[in-house]
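Quick note: numbers below take in every heavy atom, side chains included, and nothing from hydrogens, waters or symmetry partners.
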Amino acid sequence: MQFENELTNIIVKDEQMISTLIRVKNLNLNDCWIGAGFVRNKVWDILHGQKTMNLNDIDVVFFDESNISENLEKKIEHQLTQISPEDNWSVKNQARMHFRNNHPKYINTENAISYWPETATAVSVRLNPNDQIEILAPYGLYDLFNLIVKPTPNFDLILFQKRVNEKQWKKQWENLKIYGNS
């Protein structure tokens, strides 16, 4: 609960994050969240005493089995870009992503993000109908707040290692502890 409160406080104090959450909430998409670097990078910046300049990308995920067309995702990205052109939007319907990732069919967004690469990345947030922050973290928030980078049980270890090498997170966040990387 401590980490949930910490994350909520971090988000509440960040006007850019709140306005982004409001924009996405107003889309009224089913089982919709913003995750990955949107949350992870902000927390790591805070824990390293760094100021977050801009969000390098905003990963919007939702779950809609009634329309798994990539065109829907592109339409939503376009809509968000019209509202907020300075942001780099990525919208993915998790109801179709199991095809691309060669996984078993996902049952909802939480199930889908449990297949994301790192436990610290598998965290998403949203505003509920009462404008309260909700957190979706299938592996909890311990790793995120303790700067631990390790693969989720559902993610391929070789792909994890490649991703960590490409991202070079330790150059930006030197106190990260990376596990499962050769």
Side-chain angles (χ1 to χ4, degrees), residues 1-63 76 80-81 83-92 94 108-155 163-164 167-179:
M1 195 58 146
Q2 167 199 352
F3 294 131
E4 288 180 5
N5 290 337
E6 281 186 59
L7 180 55
T8 299
N9 288 334
I10 287 169
I11 294 168
V12 166
K13 292 176 184 174
D14 188 308
E15 288 180 33
Q16 183 182 10
M17 290 183 88
I18 291 294
S19 64
T20 301
L21 286 166
I22 290 168
R23 285 185 196 107
V24 171
K25 176 189 172 198
N26 290 339
L27 295 171
N28 295 312
L29 297 170
N30 184 57
D31 198 8
C32 184
W33 302 80
I34 305 176
F38 179 79
V39 177
R40 181 199 61 224
N41 294 3
K42 179 66 178 182
V43 170
W44 288 354
D45 282 347
I46 297 265
L47 294 174
H48 281 84
Q50 299 175 10
K51 181 172 173 23
T52 303
M53 301 313 265
N54 286 319
L55 301 167
N56 57 348
D57 68 306
I58 302 171
D59 293 297
V60 178
V61 292
F62 67 103
F63 195 88
I76 297 166
L80 287 166
T81 301
I83 297 167
S84 183
E86 68 279 2
D87 292 320
N88 182 21
W89 298 96
S90 172
V91 177
K92 297 288 184 262
Q94 299 303 289
N108 56 29
T109 300
E110 181 173 17
N111 177 234
I113 72 170
S114 75
Y115 284 85
W116 286 5
E118 306 88 24
T119 55
T121 300
V123 177
S124 295
V125 295
R126 71 176 175 191
L127 290 179
N128 69 16
N130 298 320
D131 289 328
Q132 296 170 319
I133 294 168
E134 291 184 348
I135 300 167
L136 186 63
Y139 303 104
L141 299 173
Y142 181 88
D143 290 352
L144 175 65
F145 278 91
N146 284 281
L147 303 170
I148 295 170
V149 180
K150 69 180 185 186
T152 63
N154 294 320
F155 199 75
R163 179 174 153 86
V164 168
K167 294 284 188 178
Q168 297 186 2
W169 286 320
K170 280 195 75 93
K171 286 185 178 180
Q172 184 170 356
W173 301 289
E174 63 189 27
N175 296 323
L176 293 179
K177 298 172 267 313
I178 300 175
Y179 299 97

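Once rounded to the nearest 0.5 Å, the distance linking CD1 of I133 with OG1 of T8 reads 5.0 Å. The line from CG of D59 to CG of N88 is 9.0 Å long, rounded to the nearest 0.5 Å.
At a threshold of 4.5 Å between non-hydrogen side-chain atoms, the residues D14 and I18 do not count as touching. Between I76 and V60, the closest side-chain pair of non-hydrogen atoms is not below 4.5 Å. Side chains of K150 and Y139 form no contact here, defined as non-hydrogen atoms less than 4.5 Å apart. Counting heavy atoms from C-beta outward, Q50 and W173 have side chains that approach closer than 4.5 Å. Counting only heavy atoms from C-beta outward, the side chains of E4 and L7 never approach each other to under 4.5 Å. At a threshold of 4.5 Å between non-hydrogen side-chain atoms, the residues D45 and Q172 count as touching. Using a 4.5 Å heavy-atom cutoff, the side chains of R40 and L144 are in contact. Counting heavy atoms from C-beta outward, V24 and R126 have side chains that stay 4.5 Å or more apart.
Taking both residues in full, the closest heavy atoms of T20 and F38 are given as CG2-CE1, 3.8 Å, listed atom of the first, atom of the second, then distance. Heavy-atom minimum distance, W116 versus A36: CZ3-N, 3.5 Å. Taking every heavy atom of both residues into account, G140 and V123 meet most closely at O-CG2, 4.3 Å. The two residues K25 and P129 have their closest heavy-atom pair at NZ-O, 3.7 Å.
A donor-acceptor pair is defined here as one N or O able to donate and one able to accept, closer than 3.5 Å; no such pair exists between the side chain of N146 and the backbone of I148. For N128 (side chain) and N130 (main-chain N/O), a donor-acceptor pair under 3.5 Å exists by modelled atom type. Panel note: side chain S124, backbone L136; no donor-acceptor pair is recorded below 3.5 Å.
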Quiz item: Which is it for W33 and V39 under the side chain to side chain contact (heavy atoms under 4.5 Å, CB included) test, yes or no, and what are the steps along the way?
Solution: CA-CA 11 Å; W33 302 80; V39 177; over 6 Å; no
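Under the side chain to side chain donor-acceptor pair (under 3.5 Å) criterion, E174 pairs with no residue, sequence neighbours left out. Applying the salt bridge (Lys or Arg N to Asp or Glu O under 4.0 Å) rule to K177 yields no partners; only residues at least two apart in sequence or on another chain are considered.
The environment of E86 atom CD is dense: over 12 non-hydrogen atoms of other residues, nucleotides or ligands sit within 6.0 angstrom.
Ring geometry, F3 versus F145: the interplanar angle falls under 30°, so the pair is classed parallel (tilted spans 30 to 60°).
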